[in-house]
Amino acid sequence: MRIAFYAPLKPPTHAVPSGDRRVARLLIDALVKTGHNVALASTLRTYEPVGDVNVQARLRDEGAQIANDLIARWSGAGRDERPDLWFTYHVYYKAPDWIGPSVAAALGIPYVIAEPSFAPKRAAGRWAMGHAAAGESIRAASLMLCPIRDDVACLEPLLAAGAAIRLLPPFLDPGPYRDASRNRDANRRTLAADIALDPSVPWIVVAAMMRTGDKAASYAILACVLRRIADLPWRILVAGDGEARSEIEAAFESAAPGRSRFLGELGADAIAALYSACDLCIWPAVNEAYGMALLEAQAAGVPVVSMAVRGVPDVVSNGRTGLLAPPGNEDALAGLARELLVDRDGRCKMGLEAAHFAQVERGVDAAAATLDRALRVLGADPLLQPKVVQR
């Protein structure tokens, strides 16, 4: 199947690394794995973070022009040049799809959204235009692929007749993390020598950018957790950078002096090696959709302590691959961290389960198979498919 791929929040070719760019690339990899021909339809970024109506209107108009150009180009093309399906990744009120619905309707092809989000509370206010556009895109979709169960309730009322919602849990390519975990001892020795770490105590790992807002809020909670467990022997290794770094470093130093090592922004291979050398990942995941870093840690064999917010339970199997505290409960989060820090055997058992979970249940091969089944049903006859929500 020829698939036109689009990511309005951040294109997969964007120069700046992020979770969204990584997921867009993973989706393309999963589609290609099962033989689909994927082409990037546009790199227009419609993300508008401040609620500027004029900017939103400009992006809308730019998207409409791109849509018209694509329609003109493909309408006159042969069957083996036109897309069979339009696939948009991540639609929400700050990054609506101004291109895909028009193109899909004009060409008579299915329109698919992976990770759609619709928040009725955004119907009024600075992003009302983007909210309305996101709603129209969702109504136009033949298929919506949701990474987390939490989003389904707000999407169901917008389903068109014959459309479907299917769960496609967050996934990753586990290969680099599996390979790194095989070199755990060497990676641990290298880090111990390079940044003066005691290899005999547990190492906590965190990988997250240091932006103001939700990321900084997660780091603030984590600093409180570190203060509560400061009586235990441990070190924490932090990969990430951003405008809030100095405040975060100060908070960690105040919570547990001399225990933290800040490594800055790391490349993919270095991140995988870092995870593999560590013993436990602790991250509060404030307002995160699900937290790809939590899945990456598990793929390297590292159990996770987090909170059961939004999609975190979709990437961490509570009691099996990690432990989840109730949302907002810092005391419980600290208690679970303490539980695993003092239980080496429990950590090791969970780490093995975490690696298996990431490989078999959340690996790109499993996601590719799920995607292929869903899209091939659409390709057969999208208008005749039943309205189904798979929970």
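Sequence positions, counted from 1, serve as the residue numbers for this chain. Worth saying up front: this structure is predicted, and the values here are computed from it rather than measured.
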Do Trp203 and Ile236 come within less than 4.5 Å of each other through their side chains, counting heavy atoms only? no
If you measure from the Lys or Arg side-chain nitrogens to the Asp or Glu carboxylate oxygens, is any gap between Arg188 and Asp185 under 4.0 Å? no
Atom CG of Leu155 and atom SG of Cys146: how far apart are they, to the nearest 0.5 Å? 5.0 Å
Gap between atom OG of Ser102 and atom CD1 of Ile66 - 0.5 Å precision: 11.5 Å
Could you give all pairs that pass the ring-ring contact (aromatic ring centres under 6.0 Å, His included) test and reach residues 270-322, with sequence neighbours left out? Tyr219-Trp283
I'd like to know if Asp20 and Lys10 make a salt bridge, using a cut-off of under 4.0 Å between side-chain N and carboxylate O. no
Separation between CG (Leu85) and CG (Leu107), nearest 0.5 Å, reads 11.0 Å
Taking atom types as modelled and ignoring hydrogens, do the side chains of Ser137 and Asp97 form a donor-acceptor contact shorter than 3.5 angstrom? no
More than 12 foreign heavy atoms under 6.0 Å from CG of Asp214: is that the case here? yes
Any chance you could lay out the side chain to side chain contact (heavy atoms under 4.5 Å, CB included) test for Trp86 and Phe5, step after step, and finish with the verdict? CA-CA 6 Å; Trp86 183 284; Phe5 186 94; over 6 Å; no
Spell out, as yes or no, whether a donor-acceptor pair under 3.5 Å connects the side chain of Thr370 to the backbone of Ala366. yes
Testing the basics here: between Leu26 and Val364, what is the closest heavy-atom pair and its distance to 0.1 Å? O-CG2, 4.4 Å
Between the side chain of Ser181 and the main-chain N/O of Arg178, is any donor-acceptor distance below 3.5 Å? yes
Is any side-chain heavy atom of Pro83 closer than 4.5 Å to a side-chain heavy atom of Trp74? yes
Give me the one residue out of Ile204, Ile195, Val206 that meets side-chain contact (heavy atoms from CB on, under 4.5 Å) with Leu237. Ile195
Between Asp231 and Arg338, does any NZ, NE, NH1 or NH2 come within less than 4.0 Å of an OD or OE carboxylate oxygen? yes
If you take all heavy atoms of Ile148 and Gly311, which pair is closest and at what distance? CG2-CA, 3.2 Å
Do Phe357 and Leu295 have side chains that get closer than 4.5 Å, going by heavy atoms? yes
With a 3.5 Å distance limit and no angle check, can you tell me whether Ser142 reaches the backbone of Ala163 through a side-chain donor-acceptor pair? no
Evaluate the ring-ring contact (aromatic ring centres under 6.0 Å, His included) criterion for residues Phe87 and Tyr111: first the C-alpha distance (whole Å), next the side-chain angles of each, then the deciding distance (0.1 Å), finally the verdict. CA-CA 6 Å; Phe87 191 110; Tyr111 175 66; 9.5 Å; no
Give me the atom names and distance for the closest heavy-atom approach of Thr34 to Arg376. O-NH2, 3.5 Å
Cluster partners of Leu9, using ILVMFWY side-chain heavy atoms under 4.5 angstrom, listed by chain and number? Tyr47, Tyr92, Tyr93, Trp127
Determine, stepwise, if the pair Leu145 / Leu27 fulfils side chain to side chain contact (heavy atoms under 4.5 Å, CB included). CA-CA 11 Å; Leu145 299 159; Leu27 282 165; 6.0 Å; no
Pairwise distance CE(Met307) to CG(Leu333) - rounded to 0.5 angstrom: 4.5 Å
Taking C-beta and beyond as the side chain, do Met1 and Asp372 meet within less than 4.5 Å on heavy atoms? no
Specify the closest pair of heavy atoms between Leu172 and Ala299, including all atoms of both residues, with the distance to one decimal. CD1-CB, 3.9 Å
Between Arg259 and Glu253, is there a salt bridge with N-O shorter than 4.0 Å? no
What I'd like to find out is whether the side chain of Met350 reaches to under 4.5 Å of the side chain of Leu323, using heavy atoms alone. yes
Audit row: Lys33, Asp365, salt bridge (Lys or Arg N to Asp or Glu O under 4.0 Å) steps and yes/no: CA-CA 8 Å; Lys33 265 184 175 289; Asp365 288 342; 3.2 Å; yes
Minimum heavy-atom distance between Val302 and Cys278, given as atom pair plus value: CG2-O, 3.8 Å
The single option from Met209, Arg22, Glu265 passing side-chain contact (heavy atoms from CB on, under 4.5 Å) against Pro17: Glu265
Verify the distance criterion only: is there a donor paired with an acceptor across the side chains of Arg227 and Ser254 at less than 3.5 Å? yes
Checking side chain to side chain contact (heavy atoms under 4.5 Å, CB included) for the pair Arg373/Val377: CA distance, chi angles, key distance, verdict? CA-CA 6 Å; Arg373 286 193 299 270; Val377 167; 5.8 Å; no
Any donor-acceptor N/O pair, Arg149 side chain to Arg310 backbone, under 3.5 Å: no
Does a salt bridge link Glu330 with Arg228, judged by any charged N lying under 4.0 Å from a carboxylate O? yes
Any carboxylate oxygen within less than 4.0 angstrom of a Lys/Arg side-chain nitrogen, looking at Arg344 and Asp279? no
Glu81 and Arg73: CA distance, side-chain angles, deciding distance, salt bridge (Lys or Arg N to Asp or Glu O under 4.0 Å) verdict: CA-CA 10 Å; Glu81 296 178 35; Arg73 188 178 102 201; over 6 Å; no
With distance as the sole test, does Arg261 use its side chain to make a donor-acceptor pair with the main-chain N or O of Gly258 at under 3.5 Å? yes
Can you find a heavy atom in the side chain of Ser306 that is under 4.5 Å from one in the side chain of Leu294? yes
Side chains of Ser276 and Asn187: donor-acceptor distance under 3.5 Å anywhere? yes
Assess the residue pair Arg58 and Asp61 against the criterion (salt bridge (Lys or Arg N to Asp or Glu O under 4.0 Å)); give the C-alpha distance rounded to whole Å, side-chain angles, the decisive distance to 0.1 Å, and a yes or no. CA-CA 5 Å; Arg58 176 179 60 76; Asp61 295 343; over 6 Å; no
Hey, does Arg126 have a side-chain heavy atom less than 4.5 Å from the side chain of Val53? no
Donor-acceptor side-chain pairing of Asp69 and Gln65 below 3.5 angstrom: yes
To the nearest 0.5 Å, what is the distance between CG (Leu352) and CD (Gln298)? 12.5 Å
Decide, yes or no, whether a salt bridge links Arg347 with Glu339 under the criterion of side-chain N to carboxylate O below 4.0 Å. no
Looking only at non-hydrogen atoms, find the nearest pair between Trp234 and Ile229 and report the distance. NE1-O, 2.8 Å
Contact check, side chains of Gln56 and Glu48, non-hydrogen atoms, under 4.5 Å: yes
Under 3.5 Å, is there a donor-acceptor pair between the Glu353 and Thr321 side chains? no
Are Arg320 and Glu361 close enough for a salt bridge, meaning some N to O gap below 4.0 Å? yes
Stepwise side chain to side chain contact (heavy atoms under 4.5 Å, CB included) check, Arg166 with Met144: CA-CA 6 Å; Arg166 300 191 186 279; Met144 287 180 278; over 6 Å; no
